[in-house]
Amino acid sequence: MILQKVTITQPGRNATSVDDFYYRGYEEQLNGRRGTGVRKLAADMIREGKILDRYLILRDSGCVLEIYTLFVNREALNEFTDHPIRKVSREFWQDRDWDMTMDIVNVQDYMSVRNRLESLK
């Protein structure tokens, strides 16, 4: 398994939600769309079993967004990263005034308590 953690920082953004962090001020460029399509791509890959989970967490008074994606293997990560939807998304955000860091780590084991609720009664 591979965990990809992306941290996006934009001082002074003060977003009230994940969508506000991403899209406030970009409504015209989206031209009525509800996003860039990356969430749907991630959802499709979850349905296909290539992504185990994905979380988007807004913190630090709405100035930092962290995205955690757990892929089943390196090939799934590469498929996601190289997908045409991701390329279009990167182009869409290229002029954004934010700092982005990415960590990719190999995961030896993973356990979801949510998936074990029945056995933990």
Side-chain angles (χ1 to χ4, degrees):
M1 290 174 282
I2 305 289
L3 176 67
Q4 178 192 57
K5 175 188 173 192
V6 177
T7 303
I8 304 169
T9 305
Q10 187 173 6
R13 186 71 173 160
N14 302 328
T16 58
S17 69
V18 170
D19 282 346
D20 184 44
F21 184 92
Y22 270 131
Y23 304 122
R24 182 184 350 128
Y26 289 85
E27 296 84 0
E28 260 186 54
Q29 292 94 321
L30 287 168
N31 197 25
R33 295 178 315 205
R34 295 184 58 197
T36 60
V38 173
R39 290 182 200 166
K40 183 180 180 315
L41 172 61
D44 289 345
M45 291 185 73
I46 289 170
R47 288 183 199 99
E48 294 168 3
K50 296 175 183 176
I51 293 177
L52 298 174
D53 217 335
R54 181 172 168 94
Y55 290 94
L56 290 81
I57 299 169
L58 184 65
R59 63 181 184 84
D60 294 351
S61 299
C63 298
V64 175
L65 181 68
E66 292 180 338
I67 307 163
Y68 297 87
T69 309
L70 187 60
F71 295 91
V72 295
N73 55 32
R74 178 70 64 172
E75 291 78 24
L77 167 65
N78 291 340
E79 179 181 338
F80 181 79
T81 302
D82 296 337
H83 196 281
I85 289 173
R86 290 280 296 130
K87 290 179 180 181
V88 168
S89 177
R90 281 191 295 274
E91 290 172 9
F92 182 84
W93 297 121
Q94 70 184 355
D95 295 330
R96 182 83 177 249
D97 183 27
W98 59 20
D99 294 316
M100 184 183 301
T101 61
M102 183 183 313
D103 296 309
I104 297 175
V105 293
N106 291 311
V107 175
Q108 184 172 340
D109 193 20
Y110 163 78
M111 179 184 61
S112 169
V113 173
R114 176 180 299 281
N115 293 339
R116 300 187 77 197
L117 292 177
E118 287 301 315
S119 66
L120 296 171
K121 289 184 178 187

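The residues of the chain are indexed from 1 along the displayed sequence. All values reported here derive from a predicted model rather than from experimental measurement.
Shown here for Lys87 and Asp82, the closest heavy-atom pair between the two residues is CE-O, 3.4 Å. Closest of all the heavy-atom pairs between Cys63 and Asn14 is SG-OD1, 3.2 Å. Ala76 approaches Met45 most closely through the heavy-atom pair O-CE, 3.4 Å.
Annotation: the span from Glu66 atom CD to Thr101 atom OG1 amounts to 8.5 Å, rounded to 0.5 Å. The structure places CG of Asp19 at 12.0 Å from CZ of Arg24, a figure rounded to the nearest 0.5 Å. Expressed to the nearest 0.5 Å, how far CD1 of Ile2 lies from CG of Leu52 amounts to 11.0 Å. Rounding to the nearest 0.5 Å gives a distance of 12.0 Å between CE of Met1 and CG of Asp53.
Shown here is Asp97, whose CG atom has no more than 12 heavy atoms of other residues, nucleotides or ligands within 6.0 Å.
Under the 4.5 Å side-chain criterion, counting only non-hydrogen atoms from C-beta, Trp98 is not in contact with Leu65. Put simply, the side chain of Arg39 does not reach to within 4.5 Å of the side chain of Arg54, judged on heavy atoms. In this structure, Leu3 and Tyr110 have side chains that are not in contact, with every pair of non-hydrogen atoms separated by 4.5 Å or more. Between Thr9 and Asp60 the shortest side-chain heavy-atom distance does not fall below 4.5 Å.
Side-chain heavy atoms closer than 4.5 Å link hydrophobic residues (I, L, V, M, F, W, Y) into clusters, and following such links, even through other members, never connects Tyr68 to Met100. Under the 4.5 Å side-chain heavy-atom criterion for ILVMFWY residues, no single connected hydrophobic cluster contains both Ile67 and Val105. Connection of Leu56 to Ile8 is established within a shared hydrophobic cluster, with ILVMFWY side chains joined at heavy-atom distances below 4.5 Å, either directly or through further cluster members. Cluster membership check: Met102 shares its hydrophobic cluster with Phe21, using side-chain heavy-atom separations under 4.5 Å among Ile, Leu, Val, Met, Phe, Trp and Tyr. With hydrophobic clusters built from ILVMFWY side chains whose heavy atoms lie under 4.5 angstrom apart, Tyr55 does not share a cluster with Leu41.
A donor-acceptor pair is defined here as one N or O able to donate and one able to accept, closer than 3.5 Å; no such pair exists between the side chain of Arg74 and the backbone of Asn106. Between the side chain of Arg96 and the backbone N or O of Tyr22, at least one donor-acceptor pair lies under 3.5 Å. Between the side chain of Arg116 and the backbone N or O of Met111, no donor-acceptor pair lies under 3.5 Å.
Considering Thr81, Leu77, Thr69 in turn, Leu77 is the only one that fulfils the side-chain contact (heavy atoms from CB on, under 4.5 Å) rule with Ile104.
Salt-bridge annotation for Lys40 and Asp44: present, with a side-chain N of the basic residue lying under 4.0 Å from a carboxylate O of the acidic one.
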If you apply the rule side chain to side chain contact (heavy atoms under 4.5 Å, CB included), what do you find for Val38 with Phe80, and how did you get there? CA-CA 9 Å; Val38 173; Phe80 181 79; 3.8 Å; yes
